[in-house]
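Taking it in order: structure first as structure tokens, then the write-up.
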Amino acid sequence: REITVPHVVDLMKTSSYGSGTTTSGKVEIQLETSTDLKGRHVIIVEDIIDTGLTLNKLYQAISAKQPASIQICAFCDKIARRVEHVDAKYIGYECPDEFVVGYGLDFAGEYRSLPYVGILKPEVITGKSQL
């Protein structure tokens, strides 16, 4: 929001959840960056770090493009679910071991536009209730 140095924003898209609430363990890179990263300083901006599987796959894919450096920034960090080590330099806040939605975080494409972060009720996940 207030970056004062010259920079380029590019996107990659990954998926390991589908419409579930736990990772499938199979990480898929669905969209690659279009920027040549060789020799550039890269900051991976992630919504939530959960098991670390997706972020590590993303880190490896970016690393193969030979950037000068890679740093990780995440809005939420769910440390309790970590399976693989993640060295994140910038963390917004630690998240409880619950499925959270809102403020950009979604469940099967829903609830992303909520103006807050909330814990998704189990009844919503099983389809028996509204948020």
Residues at least two apart in sequence or cross-chain that pass side chain to side chain donor-acceptor pair (under 3.5 Å) with S69, listed by chain then number, are H41

Partners meeting side chain to side chain donor-acceptor pair (under 3.5 Å) with E84 (sequence neighbours left out):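 With sequence neighbours excluded, E84 shows a side chain to side chain donor-acceptor pair (under 3.5 Å) to N56, given in chain and number order.
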
Applying ring pair (Phe, Tyr, Trp, His ring centres under 6.0 Å), which residue pairs with at least one partner in residues 51-83 are found, sequence neighbours left out?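 Residue pairs with at least one partner in residues 51-83: F75-Y93, F75-Y103.
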
State, to 0.1 Å, how close V5 and H7 come at their nearest heavy-atom pair, and which atoms those are. O-ND1, 3.0 Å

Side chain proximity check, [X] to [Y], heavy atoms < 4.5 angstrom:
X	Y	value
C76	D47	no
C95	I48	yes
L37	Q66	no
I72	D87	no

When V101 is tested against each of L114, V117, V124, I119 for side-chain contact (heavy atoms from CB on, under 4.5 Å), which residue passes?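 It is L114; the other options fail the test.
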
Begin from the C-alpha positions of L120 and V100 and carry the test side chain to side chain contact (heavy atoms under 4.5 Å, CB included) through to its verdict. CA-CA 6 Å; L120 195 63; V100 293; over 6 Å; no

For residues [X] and [Y]: do they belong to one hydrophobic cluster (side chain heavy atoms under 4.5 Å, members Ile, Leu, Val, Met, Phe, Trp, Tyr)?
X	Y	result
F99	I49	no
I91	L55	yes
I3	Y90	no
I70	L53	no

Residues R40, V8; criterion side chain to side chain contact (heavy atoms under 4.5 Å, CB included); working and verdict: CA-CA 10 Å; R40 300 184 82 141; V8 174; 3.4 Å; yes

How long is the straight-line distance from [atom2] of [Y] back to [atom1] of [X], given to the nearest 0.5 Å?
X	Y	atom1	atom2	result
T14	K57	OG1	NZ	10.0 Å
E32	M12	CD	CE	4.0 Å
I62	Q60	CD1	CD	11.0 Å
L105	Y111	CG	OH	14.0 Å

Check this for me, if you would: do R82 and D77 make a salt bridge, where the nitrogen-to-carboxylate-oxygen distance has to be below 4.0 angstrom? yes

Residues K121 and E98 bridged, charged N to O under 4.0 Å: no

Closer than 3.5 angstrom, by distance alone: can the side chain of D97 be matched with the main-chain N or O of A80 as a donor-acceptor pair?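 No, because the side chain of D97 does not come within donor-acceptor range (under 3.5 Å) of the backbone of A80.
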
Between T33 (side chain only) and T35 (backbone N and O only), is there a donor and an acceptor less than 3.5 Å apart?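 Indeed, once roles are kept as given, a pair shorter than 3.5 Å links the two residues.
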
Criterion side chain to side chain contact (heavy atoms under 4.5 Å, CB included) on I29 and K13, from CA distance to verdict: CA-CA 6 Å; I29 294 179; K13 182 178 180 183; over 6 Å; no

